[in-house]
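Lettering follows sequence order; numbering is per chain, from 1.
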Amino acid sequence: MKIVSYNVNGIKARLPRLIEYLAEEAPDVVCLQELKSSDETFPEKDVRDAGYGAVWHGQKGFNGVAILARGEDPVERRRGLDGEDDDVHSRYLEADVGGLTVASIYLPNGNPVPGPKFDYKLRWFERLAARARTLLAEERPVVLAGDYNVIANDDDVYSVRAMDSDALMQPESRQAYRRLLAQGWTDSLRTRFPGGGVWTFWDYQAGAWQRDAGFRIDHLLLSPQAADRFVDAGVDKQFRGREKASDHAPTWVRLR
DNA sequence: ATGCCTGTCACAGACAGA
(Lines give C-alpha, C1' and ligand atoms only; values in the text may rest on other atoms or scores of the structure.)
Protein backbone atom coordinates (compact mmCIF):
# COMPACT_ATOMS: atom_id res chain seq x y z
CA MET A 1 0.00 0.00 0.00
CA LYS A 2 1.11 3.53 -0.87
CA ILE A 3 0.97 6.06 1.98
CA VAL A 4 1.48 9.72 1.12
CA SER A 5 2.29 12.93 2.97
CA TYR A 6 1.27 16.03 1.01
CA ASN A 7 1.39 19.62 2.25
CA VAL A 8 -1.14 21.14 -0.15
CA ASN A 9 -0.75 24.80 0.94
CA GLY A 10 -4.48 25.50 0.77
CA ILE A 11 -6.85 22.68 -0.17
CA LYS A 12 -9.23 25.06 -1.94
CA ALA A 13 -6.54 26.40 -4.28
CA ARG A 14 -5.02 22.93 -4.66
CA LEU A 15 -8.19 20.90 -5.23
CA PRO A 16 -7.57 20.29 -8.98
CA ARG A 17 -4.02 19.06 -8.21
CA LEU A 18 -5.22 16.86 -5.35
CA ILE A 19 -8.04 15.23 -7.36
CA GLU A 20 -5.61 14.69 -10.22
CA TYR A 21 -3.11 13.12 -7.84
CA LEU A 22 -5.70 10.73 -6.42
CA ALA A 23 -6.76 9.71 -9.94
CA GLU A 24 -3.24 9.25 -11.34
CA GLU A 25 -1.43 7.66 -8.41
CA ALA A 26 -4.35 5.96 -6.63
CA PRO A 27 -2.60 6.18 -3.23
CA ASP A 28 -4.15 4.10 -0.45
CA VAL A 29 -3.72 6.69 2.31
CA VAL A 30 -3.01 10.43 1.99
CA CYS A 31 -2.06 12.67 4.91
CA LEU A 32 -2.68 16.32 4.06
CA GLN A 33 -1.27 19.39 5.77
CA GLU A 34 -1.93 23.13 5.51
CA LEU A 35 -5.57 22.83 4.49
CA LYS A 36 -6.08 26.53 5.33
CA SER A 37 -9.74 25.60 5.52
CA SER A 38 -12.29 25.49 8.32
CA ASP A 39 -14.04 22.19 9.07
CA GLU A 40 -17.16 23.54 7.35
CA THR A 41 -15.44 24.36 4.05
CA PHE A 42 -13.48 21.10 3.63
CA PRO A 43 -14.34 19.77 0.12
CA GLU A 44 -15.77 16.51 1.41
CA LYS A 45 -17.92 15.84 -1.66
CA ASP A 46 -15.05 16.28 -4.14
CA VAL A 47 -12.87 13.92 -2.13
CA ARG A 48 -15.67 11.36 -1.81
CA ASP A 49 -16.46 11.56 -5.53
CA ALA A 50 -12.79 10.77 -6.15
CA GLY A 51 -13.31 7.54 -4.20
CA TYR A 52 -11.84 8.53 -0.84
CA GLY A 53 -13.16 8.61 2.68
CA ALA A 54 -11.70 11.32 4.92
CA VAL A 55 -11.33 12.73 8.39
CA TRP A 56 -10.13 16.30 8.84
CA HIS A 57 -9.17 18.82 11.51
CA GLY A 58 -9.49 22.24 9.95
CA GLN A 59 -8.77 25.83 10.91
CA LYS A 60 -9.74 29.02 9.14
CA GLY A 61 -6.90 30.68 7.26
CA PHE A 62 -3.96 28.49 8.20
CA ASN A 63 -2.85 25.07 9.51
CA GLY A 64 -5.31 22.18 9.14
CA VAL A 65 -4.65 18.45 8.61
CA ALA A 66 -6.59 15.55 7.08
CA ILE A 67 -6.33 11.81 6.41
CA LEU A 68 -7.81 10.32 3.22
CA ALA A 69 -8.25 6.63 2.43
CA ARG A 70 -9.20 4.98 -0.85
CA GLY A 71 -12.53 3.17 -0.62
CA GLU A 72 -12.54 3.39 3.15
CA ASP A 73 -13.48 5.75 5.96
CA PRO A 74 -10.51 6.32 8.31
CA VAL A 75 -11.51 5.82 11.96
CA GLU A 76 -10.37 8.86 13.92
CA ARG A 77 -8.39 8.16 17.08
CA ARG A 78 -7.26 11.59 18.15
CA ARG A 79 -7.13 15.25 17.14
CA GLY A 80 -4.54 17.54 18.71
CA LEU A 81 -1.81 16.72 21.21
CA ASP A 82 -1.89 16.78 25.01
CA GLY A 83 0.21 19.12 27.08
CA GLU A 84 -0.88 22.65 26.17
CA ASP A 85 -4.56 23.37 26.79
CA ASP A 86 -4.57 26.84 25.21
CA ASP A 87 -3.05 25.63 21.91
CA VAL A 88 -5.72 26.10 19.24
CA HIS A 89 -3.59 25.22 16.18
CA SER A 90 -4.92 22.30 14.09
CA ARG A 91 -1.72 20.38 13.52
CA TYR A 92 -2.28 16.75 14.54
CA LEU A 93 -4.79 14.12 13.46
CA GLU A 94 -4.58 10.36 14.00
CA ALA A 95 -6.70 7.56 12.56
CA ASP A 96 -6.82 3.82 12.02
CA VAL A 97 -6.94 2.91 8.35
CA GLY A 98 -6.14 -0.21 6.34
CA GLY A 99 -4.87 -2.05 9.41
CA LEU A 100 -2.42 0.76 10.25
CA THR A 101 -2.42 3.70 12.59
CA VAL A 102 -1.58 6.86 10.67
CA ALA A 103 -0.96 10.40 11.89
CA SER A 104 -1.02 13.57 9.79
CA ILE A 105 1.42 16.04 11.32
CA TYR A 106 2.07 19.71 10.65
CA LEU A 107 4.90 20.83 12.89
CA PRO A 108 5.27 24.59 13.50
CA ASN A 109 7.70 26.38 11.20
CA GLY A 110 9.35 28.22 14.08
CA ASN A 111 10.74 31.30 12.36
CA PRO A 112 12.04 33.75 13.35
CA VAL A 113 14.81 32.43 15.60
CA PRO A 114 15.02 33.16 18.45
CA GLY A 115 11.49 34.00 19.49
CA PRO A 116 8.15 32.72 20.78
CA LYS A 117 7.38 30.89 17.52
CA PHE A 118 10.61 28.91 17.78
CA ASP A 119 9.90 28.12 21.44
CA TYR A 120 6.43 26.90 20.42
CA LYS A 121 7.99 24.68 17.76
CA LEU A 122 10.28 22.98 20.30
CA ARG A 123 7.47 22.53 22.82
CA TRP A 124 5.21 21.08 20.13
CA PHE A 125 7.98 18.67 19.17
CA GLU A 126 8.15 17.35 22.75
CA ARG A 127 4.37 16.93 22.87
CA LEU A 128 4.58 14.95 19.62
CA ALA A 129 7.39 12.82 21.03
CA ALA A 130 5.26 11.96 24.05
CA ARG A 131 2.43 10.80 21.80
CA ALA A 132 4.86 8.90 19.56
CA ARG A 133 6.20 7.00 22.58
CA THR A 134 2.68 5.92 23.50
CA LEU A 135 2.07 4.71 19.95
CA LEU A 136 5.32 2.72 19.90
CA ALA A 137 4.28 0.92 23.05
CA GLU A 138 1.24 -0.46 21.21
CA GLU A 139 3.64 -2.49 19.03
CA ARG A 140 1.50 -2.03 15.94
CA PRO A 141 2.31 -0.74 12.44
CA VAL A 142 2.23 3.07 12.71
CA VAL A 143 3.14 5.77 10.17
CA LEU A 144 3.81 9.31 11.38
CA ALA A 145 3.48 11.31 8.16
CA GLY A 146 3.80 15.02 7.77
CA ASP A 147 5.56 18.30 7.28
CA TYR A 148 8.04 18.27 10.18
CA ASN A 149 9.62 21.59 9.19
CA VAL A 150 13.02 20.08 10.00
CA ILE A 151 16.01 19.71 7.66
CA ALA A 152 17.56 16.80 9.51
CA ASN A 153 20.98 16.57 7.80
CA ASP A 154 23.26 18.84 5.80
CA ASP A 155 22.66 16.68 2.70
CA ASP A 156 18.92 17.28 2.99
CA VAL A 157 19.27 20.86 1.69
CA TYR A 158 20.55 22.46 -1.52
CA SER A 159 22.66 24.97 0.45
CA VAL A 160 23.54 24.72 4.11
CA ARG A 161 24.73 28.30 4.03
CA ALA A 162 21.46 29.64 2.61
CA MET A 163 19.40 28.00 5.37
CA ASP A 164 21.91 28.21 8.22
CA SER A 165 20.02 30.66 10.41
CA ASP A 166 16.58 29.24 9.60
CA ALA A 167 14.43 27.53 12.25
CA LEU A 168 14.30 24.41 10.05
CA MET A 169 18.01 23.79 10.51
CA GLN A 170 18.75 24.91 14.06
CA PRO A 171 20.59 22.37 16.24
CA GLU A 172 17.62 22.32 18.65
CA SER A 173 15.25 21.40 15.79
CA ARG A 174 17.57 18.66 14.57
CA GLN A 175 18.14 17.30 18.05
CA ALA A 176 14.39 17.10 18.64
CA TYR A 177 13.97 15.16 15.39
CA ARG A 178 16.87 12.82 16.23
CA ARG A 179 15.47 12.19 19.71
CA LEU A 180 12.16 11.25 18.14
CA LEU A 181 13.86 8.82 15.72
CA ALA A 182 15.87 7.36 18.59
CA GLN A 183 12.66 6.13 20.20
CA GLY A 184 12.70 3.50 17.45
CA TRP A 185 11.21 5.19 14.37
CA THR A 186 12.54 4.70 10.84
CA ASP A 187 12.82 7.69 8.48
CA SER A 188 11.61 5.93 5.32
CA LEU A 189 13.06 8.38 2.75
CA ARG A 190 16.42 8.30 4.52
CA THR A 191 16.38 4.51 4.43
CA ARG A 192 15.73 4.53 0.70
CA PHE A 193 18.20 7.39 -0.05
CA PRO A 194 20.90 7.27 2.66
CA GLY A 195 23.10 9.75 0.78
CA GLY A 196 20.53 12.55 0.88
CA GLY A 197 20.04 14.92 -2.04
CA VAL A 198 16.28 14.28 -2.21
CA TRP A 199 13.97 17.27 -1.83
CA THR A 200 10.28 17.51 -0.92
CA PHE A 201 9.95 21.32 -0.90
CA TRP A 202 10.95 24.08 -3.31
CA ASP A 203 10.18 27.70 -2.40
CA TYR A 204 7.97 29.72 -4.73
CA GLN A 205 10.54 32.52 -4.60
CA ALA A 206 13.74 33.27 -6.44
CA GLY A 207 13.26 30.51 -9.02
CA ALA A 208 13.91 27.79 -6.45
CA TRP A 209 12.09 25.10 -8.47
CA GLN A 210 13.89 25.99 -11.70
CA ARG A 211 17.26 25.94 -9.88
CA ASP A 212 16.33 22.73 -8.01
CA ALA A 213 17.05 24.66 -4.80
CA GLY A 214 14.99 22.55 -2.43
CA PHE A 215 15.14 20.63 0.80
CA ARG A 216 13.60 17.63 2.53
CA ILE A 217 11.18 18.42 5.35
CA ASP A 218 8.25 16.06 4.68
CA HIS A 219 8.89 12.81 6.51
CA LEU A 220 7.19 9.43 6.95
CA LEU A 221 8.35 7.73 10.14
CA LEU A 222 7.68 4.01 10.59
CA SER A 223 7.25 2.04 13.79
CA PRO A 224 9.27 -1.22 13.81
CA GLN A 225 6.13 -3.18 12.88
CA ALA A 226 5.62 -0.88 9.87
CA ALA A 227 9.33 -0.85 8.97
CA ASP A 228 9.20 -4.65 8.69
CA ARG A 229 6.80 -4.13 5.79
CA PHE A 230 8.88 -1.44 4.00
CA VAL A 231 9.02 -1.81 0.21
CA ASP A 232 10.01 1.59 -1.22
CA ALA A 233 9.85 5.35 -0.65
CA GLY A 234 10.04 8.39 -2.88
CA VAL A 235 8.81 11.83 -3.93
CA ASP A 236 6.24 12.42 -6.70
CA LYS A 237 8.28 15.39 -7.84
CA GLN A 238 6.38 15.90 -11.11
CA PHE A 239 3.45 17.36 -9.17
CA ARG A 240 5.63 20.27 -8.02
CA GLY A 241 6.16 21.30 -11.64
CA ARG A 242 2.51 21.54 -12.65
CA GLU A 243 0.21 24.57 -12.94
CA LYS A 244 -0.77 26.05 -9.59
CA ALA A 245 1.35 23.53 -7.68
CA SER A 246 1.91 23.45 -3.94
CA ASP A 247 5.44 24.37 -2.87
CA HIS A 248 5.66 20.80 -1.44
CA ALA A 249 5.61 17.60 -3.52
CA PRO A 250 3.71 14.46 -2.42
CA THR A 251 6.13 12.24 -0.51
CA TRP A 252 5.39 8.54 -0.05
CA VAL A 253 6.27 5.18 1.39
CA ARG A 254 5.09 1.81 0.12
CA LEU A 255 4.45 -1.00 2.62
CA ARG A 256 3.55 -4.63 2.06
C1' DA B 1 20.21 43.88 4.10
C1' DT B 2 15.98 43.15 1.60
C1' DG B 3 12.68 41.13 -1.49
C1' DC B 4 11.71 37.44 -4.15
C1' DC B 5 6.17 34.14 -4.30
C1' DT B 6 1.66 32.29 -2.96
C1' DG B 7 -2.77 31.63 -0.29
C1' DT B 8 -6.20 33.48 2.86
C1' DC B 9 -9.41 36.79 4.22
C1' DA B 10 -11.88 40.17 2.38
C1' DC B 11 -11.83 43.49 -0.80
C1' DA B 12 -6.29 46.59 0.77
C1' DG B 13 -2.78 44.86 2.48
C1' DA B 14 -1.40 42.23 6.58
C1' DC B 15 -0.20 37.72 8.02
C1' DA B 16 1.71 33.13 7.43
C1' DG B 17 4.54 30.30 5.27
C1' DA B 18 9.81 28.12 4.96
Side-chain angles (χ1 to χ4, degrees), chain A residues 5-19 21 31-43 46 56-66 87-92 104-122 124-125 128 145-174 176-177 189 196 198-219 235 237 239-251:
Chain A
S5 184
Y6 187 16
N7 179 322
V8 288
N9 188 18
I11 194 167
K12 192 169 143 196
R14 214 63 60 215
L15 197 56
R17 285 294 81 73
L18 175 63
I19 298 303
Y21 184 74
C31 296
L32 302 176
Q33 301 88 31
E34 274 208 271
L35 302 178
K36 297 186 175 182
S37 165
S38 64
D39 281 339
E40 294 73 26
T41 54
F42 182 87
D46 300 85
W56 59 92
H57 181 24
Q59 184 170 359
K60 191 176 179 177
F62 66 125
N63 302 325
V65 286
D87 183 4
V88 296
H89 288 201
S90 300
R91 297 181 177 276
Y92 185 89
S104 184
I105 291 165
Y106 179 44
L107 227 123
N109 169 297
N111 281 304
V113 182
K117 290 187 173 183
F118 189 60
D119 297 340
Y120 172 62
K121 175 181 194 154
L122 298 180
W124 204 92
F125 228 130
L128 173 64
D147 175 0
Y148 283 73
N149 271 314
V150 174
I151 298 168
N153 310 280
D154 285 355
D155 59 16
D156 287 323
V157 60
Y158 73 102
S159 164
V160 167
R161 196 175 154 201
M163 295 298 290
D164 202 36
S165 58
D166 196 282
L168 279 60
M169 258 187 63
Q170 293 314 294
E172 296 94 327
S173 305
R174 288 180 160 186
Y177 186 69
L189 263 286
V198 177
W199 319 143
T200 68
F201 170 91
W202 296 257
D203 203 290
Y204 287 127
Q205 304 184 58
W209 169 248
Q210 288 74 14
R211 294 187 293 123
D212 197 28
F215 35 88
R216 186 175 75 96
I217 51 177
D218 300 278
H219 306 310
V235 181
K237 191 176 170 179
F239 283 84
R240 177 61 180 85
R242 296 194 182 180
E243 276 303 294
K244 299 285 277 176
S246 170
D247 40 9
H248 296 251
T251 305

Pair A/Asp218-A/Thr251, side-chain donor/acceptor within less than 3.5 Å: no
Whole-angstrom distance between B/dG13 and B/dC4, as gauged at atom P: 15 Å
Separation between the P atoms of B/dG7 and B/dA18, rounded to whole Å: 14 Å
Any A/Lys36 side-chain N or O less than 4.0 Å from OP1/OP2 of B/dG17: no
C1' atoms of B/dA10 and B/dC15, separation to the nearest Å: 13 Å
Side-chain N or O of A/Arg91 closer than 4.0 Å to phosphate OP1/OP2 of B/dG17: yes
OP1 or OP2 of B/dA18 under 4.0 Å from side-chain N/O of A/Asn149: yes
Pairwise P distance for B/dA1 and B/dA12, with rounding to whole Å: 35 Å
Closest to side chain of A/Ala13, choosing from B/dC4, B/dA18, B/dT8: B/dT8
OP1 or OP2 of B/dG17 under 4.0 Å from side-chain N/O of A/His248: no
Basic-acidic side-chain contact under 4.0 Å: A/Asp212, A/Arg240: no
Geometric class of the A/Tyr177/A/His219 ring pair [parallel <30°, tilted 30-60°, perpendicular >60°]: tilted
Strand DNA chain B in bracket notation, Watson-Crick/G-U under 3.5 Å with | for pairs to another chain: ....(((((...))))).
